[in-house]
Number of protein chains: 2
Amino acid sequence: MDLSAKSEYALLALLELSPHYASGEPLQIRQIASQQNIPDRYLEQLLATLRRAGLVKSLRGARGGYLLARDPWKITLYDVVSCIEGFEAQTDPAQGSATPEALVIQEVWGEVRQAAEDVLQKCTLQDLVEKRNAQQQHDIMYYI
Amino acid sequence: MDLSAKSEYALLALLELSPHYASGEPLQIRQIASQQNIPDRYLEQLLATLRRAGLVKSLRGARGGYLLARDPWKITLYDVVSCIEGFEAQTDPAQGSATPEALVIQEVWGEVRQAAEDVLQKCTLQDLVEKRNAQQQHDIMYYI
DNA sequence: AGTATACTCCGGTTCTCCACTGGGGTTTGC
DNA sequence: GCAAACCCCAGTGGAGAACCGGAGTATACT
């Protein structure tokens, strides 16, 4: 019922990378981690997962780092969360021994999951970036 | 992102109690547990929680047991899950040190949570009971 | 009254997973 | 060649889920 810190870290990292997609300049783990207060050795693992999922690319060696594999508006939050959280392949095994009540509950569980996925599916990285910009614009308005 | 076995157990127990609401006859923990393959000592704790939340009533002593506190169509799945899962009072403390990106993500997290709660809110115990009956009816149709 | 049957309360135990850390590597730019 | 980066894999600590046990208490039935 709760999205883990893992997914939040991954999203934060991708949000950091989003503005740099156009320039093609990579960002290093250390920079992202210090910017968003994420333990860097942990973020490293998450970025590795994102790379294997094809969401980011990495450049090795000195002056290396990470960059988005495709446009920020072509990556949905569902893409990120699903590959980090590692769901799908949720074939619950006890299908045979389940009572009819348990089956009905499983259906509702699926509906809940689907509702959550729909929200994530409809939101892209670019949406979040613009939302953040709007927030800050709002703050400035009130600051003046 | 996933509903725990805890919530499923609680729901199963309440589904067992639902048909007996009209008669006012209590069901014992053992009966419910064996019917739904739930460890009985564990179910005991869950029913205690449900009782404190005002969803079930208990009768102590011989011939005692549990019964629903109100009509099955006046209890939503949200009522059950929220009191079992123990959410609400989710005041995340790190509001001050959060980056603007983290704030935007928190908003989306809230939307996801809300979408899930809406599904649970719109579904009552009675809905599930009827859904189960419909399922079995369906099976019989094909059996004949 | 006595006993069996239930719930009630409180504590402990085991197990899994998340978040995080560490120690090696390998690749690349200068 | 050396430092800066990524890469891989193997842990550790704590929290919570799932579960078990025992002593206590209320009630029905005889």
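So you know, we letter chains A, B, ... as the sequences are listed, proteins then strands, and number each from 1.
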Can you measure from CD (Gln137(A)) to CD (Glu130(A)) and round to the nearest 0.5 angstrom? 13.0 Å
Checking side-chain polar atoms at under 3.5 Å, does Gln35(B) have a donor or acceptor matched by the opposite partner on Thr99(A)? no
Nearest-Å distance for atom pair CG/C1', residues Leu46(B) and dA18(D): 9 Å
Just how far, in rounded Å, is P of dC19(D) from CD of Glu44(B)? 14 Å
Just checking Ala48(B): base, sugar-phosphate only, or nothing, at a heavy-atom cut-off of under 4.0 Å? nothing
Could you walk me through whether Leu17(A) and Leu67(A) pass the side chain to side chain contact (heavy atoms under 4.5 Å, CB included) check? CA-CA 6 Å; Leu17(A) 293 180; Leu67(A) 34 82; 5.5 Å; no
Using a heavy-atom distance cut-off of less than 4.0 Å, which residues of residues 18-43 of chain B contact DNA chain C? Gln28(B), Ile29(B)
Minimum heavy-atom distance between Val80(A) and Leu55(A), given as atom pair plus value: CA-CD1, 4.0 Å
Students should find this one: the first and last nucleotides of DNA chain C, 5' to 3', lying under 4.0 Å from a heavy atom of chain B. What are they? dT5(C) to dG11(C)
Expressed as a whole number of angstroms, how long is the span from Leu47(A):CG to dC7(D):C1'? 12 Å
Say you draw a straight line from CG of Leu128(B) to CD1 of Ile105(A); how long is it, rounded to the nearest 0.5 Å? 6.5 Å
Residues from residues 55-62 of chain B sitting under 4.0 Å of DNA chain D, heavy atoms only? Arg60(B), Gly61(B), Ala62(B)
OG of Ser58(B) to CD of Glu44(B), rounded to nearest 0.5 Å, is 11.0 Å
Rounded to the nearest 0.5 Å, what separates atom CD1 in Ile84(B) from atom CG in Leu46(B)? 5.0 Å
same_hphob_cluster(Tyr66(A), Leu59(A)) at 4.5 Å side-chain heavy-atom cutoff: no
Candidate pair Glu111(A) and Lys131(B), rule salt bridge (Lys or Arg N to Asp or Glu O under 4.0 Å), full reasoning: CA-CA 14 Å; Glu111(A) 290 174 27; Lys131(B) 205 166 175 180; 3.1 Å; yes
Whole angstroms only, please: what is the CD-P distance between Gln45(A) and dC9(D)? 12 Å
Same apolar cluster (I L V M F W Y, side chains within < 4.5 Å links), Leu77(B)/Tyr21(B): yes
Spacing of CG belonging to Leu120(B) relative to CD belonging to Glu85(B), to within rounding of 0.5 Å: 10.0 Å
Report yes if at least one side-chain N or O of Arg51(A) is closer than 4.0 Å to OP1 or OP2 of dC8(D); otherwise report no. yes
